[in-house]
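These notes are about the structure you will find just below.
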2 protein chains.
Amino acid sequence: MSKIATIVGGGVIGGGWAARFLLNGWDVRIFDPDPQAERKIGEVLDNARRALPGLTDVALPTEGALTFHDDLAEAVAGAAWIQESVPEQLPLKQKVFAQIQAACDPGAVIGSSTSGFKPSELQAGAAWVGQIVVTHPFNPVYLLPVVELVTSPDNPAELVARAADTLTSIGMYPLHLKKEIDAHVADRLLEAVWREALWLVKDEIATTEEIDNAIRYGFGIRWAQMGLFETYRIAGGEAGMRHFMAQFGPALKWPWTKLMDVPEFTEDLVDLIADQSDAQSGAYSIRELERIRDTNLVGMMRALKAQNWGAGELLNAQDGRLKSGSVLGARAGEIADVSQPIVTLRRAVPLDWTDYNGHMTEFRYLEAFASASDRFMELVGADADYIASGGSYFTAESHIRHIDELHAGALFTIHTRVLLGQGKKMHLFHEMRAGDRLIATGEHFLLHVSLESRRPSDPSAEIQAALERIATAHAALPLPEGAGRFVGQPR
Amino acid sequence: MSKIATIVGGGVIGGGWAARFLLNGWDVRIFDPDPQAERKIGEVLDNARRALPGLTDVALPTEGALTFHDDLAEAVAGAAWIQESVPEQLPLKQKVFAQIQAACDPGAVIGSSTSGFKPSELQAGAAWVGQIVVTHPFNPVYLLPVVELVTSPDNPAELVARAADTLTSIGMYPLHLKKEIDAHVADRLLEAVWREALWLVKDEIATTEEIDNAIRYGFGIRWAQMGLFETYRIAGGEAGMRHFMAQFGPALKWPWTKLMDVPEFTEDLVDLIADQSDAQSGAYSIRELERIRDTNLVGMMRALKAQNWGAGELLNAQDGRLKSGSVLGARAGEIADVSQPIVTLRRAVPLDWTDYNGHMTEFRYLEAFASASDRFMELVGADADYIASGGSYFTAESHIRHIDELHAGALFTIHTRVLLGQGKKMHLFHEMRAGDRLIATGEHFLLHVSLESRRPSDPSAEIQAALERIATAHAALPLPEGAGRFVGQPR
């Protein structure tokens with residue numbers, strides 16, 4: 001088959017499909033009578049080109065060719081995949097399928113992005129029903145992997161398998177439903193939450209923001225890595241899913257939601273769920289699942305922390321509270337004794353800093369040393385406000401020695417020596433210790449730069465003065481062991 | 001007030017509360033007649049000590065003292081916070097409150113972990129109703145920040161404010177509900193999804209695993225960083241929330257769920273939601289929200305990738321497909337020409353690799369160089385199977401020079417030179433280029449180690465042979481510029 005995908009209907013969903021195919025090396029043809037289609041698709045592509053290529057740890061294939069077509073027949077001729085994303089009106093969709101089928105390859109897959117219609121409804125009246133399937137993606141299509149693949153008995157197995165393979169090849173996860181149903185699976189869950197949330201707003205229990213916070217500071221983070229059932233399996237403890245259902249089963253009869261049409265918790269249903277849960281998660285003990293969950297949560301929450309968003313924003317606020325009043329929150333003028341190396345970091349090794357060797361992985365040492373440099377910059381006045389005003393320090397050169405190992409949870413401290421602090425130059429030497437054990441050293445040469453010209457420039461007079469005060473005091477200390485080493489130098 | 005918290009009822013939730021308080025420097029007293037309580041709480045504490053301290057970028061306070069008590073009166077005397085987490089039976093909870101109030105400080109907060117009961121129900125018949133509030137947390141309590149604070153008109157404002165401050169001080173986000181309601185907010189949403197999901201399993205549309213995948217490969221990741229309403233605001237595009245509601249409002253009448261009791265979409269309700277959404281997210285344009293969302297998603301998905309879990313497992317599988325058949329998937333024997341530096345990495349800069357200076361941040365250079373070293377190890381045979389068999393390479397020393405900048409999305413390649421490959425020693429020199437631009441160099445000295453003894457040891461004969469073959473070929477190349485430099489060396 002060709003590697004040509006035709007996108008019928010632009011907009012956010014069609015544009016997302018276009019981006020997914022294009023960035024995975026397919027040629028993409030767009031058909032959309034909207035005169036704004038090219039601009040809209042271009043905007044989605046801008047977002048996708050910003051986000052998707054770096055998500056993989058391997059370069060994506062060369063982008064395919066993107067073309068816009070006024071003629072649907074021309075657009076679909078010879079395409080291996082045709083994705084329909086027109087508005088959610090059944091007669092409109094059926095009309096579009098008729099036009100597509102008049103010109104497309106009979107072996108092509110015609111996928112519909114419909115949120116709610118069943119494939120049998122889409123297929124009704126089609127020239128050849130077998131090639132029309134539901135392939136329902138989630139926004140942003142270029143990042144989120146799940147796509148609901150819904151078929152009817154009229155779809156040949158070969159075509160369904162080929163559709164699944166194609167979706168997998170562009171980095172998606174085709175979830176093939178066992179039976180067709182209105183709104184498929186994910187949108188039914190979303191619709192249930194949406195309806196309940198509307199009641200909560202209408203009844204003035206909570207605002208939209210409070211409801212969003214209830215989600216993103218809580219079960220939303222859990223659901224990003226395990227879903228509903230695996231999470232509840234853990235909640236059931238060692239007794240597992242059956243215990244959870246026994247415990248929370250009665251709540252099905254309680255008015256915990258306005259949505260009261262519930263299945264009866266028969267023994268058959270309990271067995272079905274418990275058995276499926278065993279098949280899904282039984283390879284891990286509850287303790288193992290707890291630890292996998294926690295490591296995932298820590299990794300994701302730390303990712304959000306770097307963006308100062310959601311749960312990460314809360315963590316940064318908590319860090320601020322922990323720092324205030326401590327040496328890690330002080331300014332240079334408040335440090336009485338600058339004759340000794342300065343504490344610039346005191347923290348524990350996060351769960352997501354370890355590697356396949358079971359210890360803190362090498363690049364996290366530089367992350368810790370870079371945090372220590374940041375803290376030192378802040379101490380002499382090169383803080384967030386100063387950086388916003390256009391000056392900063394860039395690291396020109398670094399040298400790290402690994403002397404001992406650290407494991408997750410280990411508490412360590414970094415002490416910082418100034419070896420040179422003069423004009424635009426700042427030469428720092430960090431020592432990382434866990435208790436008395438020297439773990440690593442980091443030697444760094446930084447240059448003050450103008451963030452506009454990206455060229456070296458002098459820092460403010462205040463920073464120069466603060467830096468020189470410490471540099472002068474530290475000059476009286478003996479040169480630290482290991483300073484000035486090169487890689488491979490005999491000890 | 002004292003910094004003493006009393007936990008009444010151990011188990012997973014009580015244990016989580018104990019861990020949160022203890023690791024934030026509070027003394028914690030446990031009352032639970034279960035003879036297994038000490039073991040159970042100990043297990044939760046083990047998990048918490050593994051996960052929480054590294055979540056903050058600042059060391060937590062010194063842990064408080066943990067004590068177990070057989071006498072409830074003794075346990076609660078003088079405590080500032082008493083947290084009840086006994087089973088979900090109203091008369092039992094009321095009885096426990098009576099016993100607590102017979103001995104506790106009248107100024108203490110008594111928080112209930114109830115999932116469903118309203119504070120007015122808990123307070124009924126209490127000696128002093130004002131000190132009993134709902135503080136409903138989410139598992140794992142030591143990591144997830146949200147706690148629903150539900151009060152009745154009988155709770156004094158001073159006590160409610162103090163409860164909120166205390167929860168904030170231990171890193172939580174108190175969501176204070178405007179009114180009490182059965183099951184509060186988050187559990188109503190969860191209950192709606194649970195009920196709908198039970199139907200999907202019962203009707204054999206999807207298995208528990210498929211439903212979990214529909215969540216964690218899709219909207220679950222979105223919800224970890226924005227909730228329902230902010231996500232839908234983006235879906236509405238520049239026209240925002242009102243447009244979304246106009247578009248998807250009709251679906252409220254459709255059978256997209258079995259749960260059909262829905263509020264009517266009156267103009268008042270549309271206005272209420274649109275106005276609340278403006279207040280919540282109006283500071284950002286839709287384009288800004290899209291980019292914040294994408295950066296968050298990329299960061300979280302990459303965090304999951306490092307754990308090879310959920311969406312991250314899918315991404316790793318896709319990386320494998322992208323590598324296969326390329327130079328990045330080959331073994332040493334398959335590389336015909338080893339006379340030149342070897343391509344060990346070709347990738348784009350991920351969104352989460354940039355910093356406040358707007359470029360790739362320094363520790364990500366070492367991450368890239370470490371990936372290149374890993375790939376080189378794999379190439380000579382020190383792959384995942386070899387590491388599992390007990391041998392690996394540890395980096396002893398690294399030197400990085402920053403020569404030019406890289407921004408998010410930029411494609412770069414690393415070429416690797418072997419400067420020494422002899423016995424247990426491996427000295428590598430990486431050059432990072434974007435097109436013809438030299439961006440950075442990384443010089444690394446690695447030692448082969450036994451993962452059991454953690455001491456240097458010789459690699460397998462196969463690895464030695466493969467390494468020496470390349471080292472010998474590379475020895476004919478001129479020494480790369482910058483090799484052997486020390487930090488601060490004049491150019």
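Naming convention: chains lettered A, B, ... in sequence-line order (proteins, then strands); numbering from 1 in each chain.
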* Asked: Any donor and acceptor pair, going by atom type alone, linking the side chain of B:Lys179 with main-chain N or O of A:Asp203 inside 3.5 Å?
  -> yes

* **Selection from B:Leu366, B:Thr208, B:Ile215, B:Val146 maximising heavy-atom pairs under 4.5 Å formed with chain A** => B:Thr208

* To do: Nearest 0.5 Å please: distance from the CZ atom of B:Arg291 over to the CZ atom of A:Arg50.
  => 5.0 Å

* Asked: Quick one: does A:Arg222's side chain have a donor or acceptor within less than 3.5 Å of a partner on B:Asn139's backbone?
  -> yes

* Structure fact -> Honestly, the part of B:Ala306 sitting under 4.5 Å from a heavy atom of chain A is neither

* Would you confirm whether A:Arg346, through its side chain, and B:Val58, through its main-chain N or O, come within 3.5 Å as a donor-acceptor pair? => no

* Backbone N/O of B:Ser169 and side chain of A:Arg321: donor-acceptor pair under 3.5 Å -> no

* **Whether A:Asp212 side chain and B:Glu230 backbone form a donor-acceptor pair below 3.5 Å** => yes

* Asked: Which atoms of B:Leu228 come close to chain A, meaning under 4.5 Å heavy atom to heavy atom: side chain ones, backbone ones, both, or neither?
  -> both

* To do: Check for a donor-acceptor pair, side chain of B:Asp294 on one end and backbone N or O of A:Ala51 on the other, with a separation under 3.5 Å.
  => no

* Asked: Is there side-chain contact between B:Leu55 and A:Pro350, with at least one heavy-atom pair below 4.5 Å?
  -> no

* Asked: Is any NZ, NE, NH1 or NH2 atom of the basic residue among A:Glu210 and B:Lys178 found under 4.0 Å from an Asp or Glu carboxylate oxygen of the other?
  -> yes

* **Contact check, side chains of B:Met300 and A:Leu304, non-hydrogen atoms, under 4.5 Å** => yes

* B:Trp194 vs A:Tyr232 aromatic rings, parallel, tilted or perpendicular, using cut-offs 30° and 60°? -> perpendicular

* To do: Would you give the length of the straight line joining atom CD of A:Glu196 to atom CZ of B:Arg195, rounded to the nearest 0.5 angstrom?
  => 8.5 Å

* Asked: Which word best sums up how the rings of A:Trp223 and B:Phe219 line up, parallel for under 30°, tilted for 30 to 60°, or perpendicular for over 60°?
  -> perpendicular

* Out of A:Arg302, A:Lys323, A:Gln318, which residue meets the side-chain hydrogen bond (donor to acceptor under 3.5 Å, both in side chains) rule with B:Asp57? -> A:Arg302

* Rounded to the nearest 0.5 Å, how far does CD of B:Gln280 lie from CG of A:Asn213? -> 7.0 Å

* Hey, does B:Leu297 have a side-chain heavy atom less than 4.5 Å from the side chain of A:Pro140? -> yes

* Side chains of A:Val487 and B:His427 in contact at under 4.5 Å (non-hydrogen atoms) -> yes

* Among B:Leu351, B:Val298, B:Asn296, find the one that has a side-chain contact (heavy atoms from CB on, under 4.5 Å) with A:Gln307. => B:Asn296

* **Side-chain heavy-atom pair B:Glu397, A:Phe486 within 4.5 angstrom cut-off** => no

* **Nearest-0.5 Å distance, NE2 of residue B:His399 to CD of residue A:Gln489** => 11.5 Å

* Structure fact -> Residues A:Ala311 and B:Pro145: closest non-hydrogen pair is CB-CG, 4.3 Å

* Structure fact -> Looking only at B:Leu420, B:Ile221, B:Ile400, the option with the highest number of non-hydrogen pairs under 4.5 Å against chain A is B:Ile400

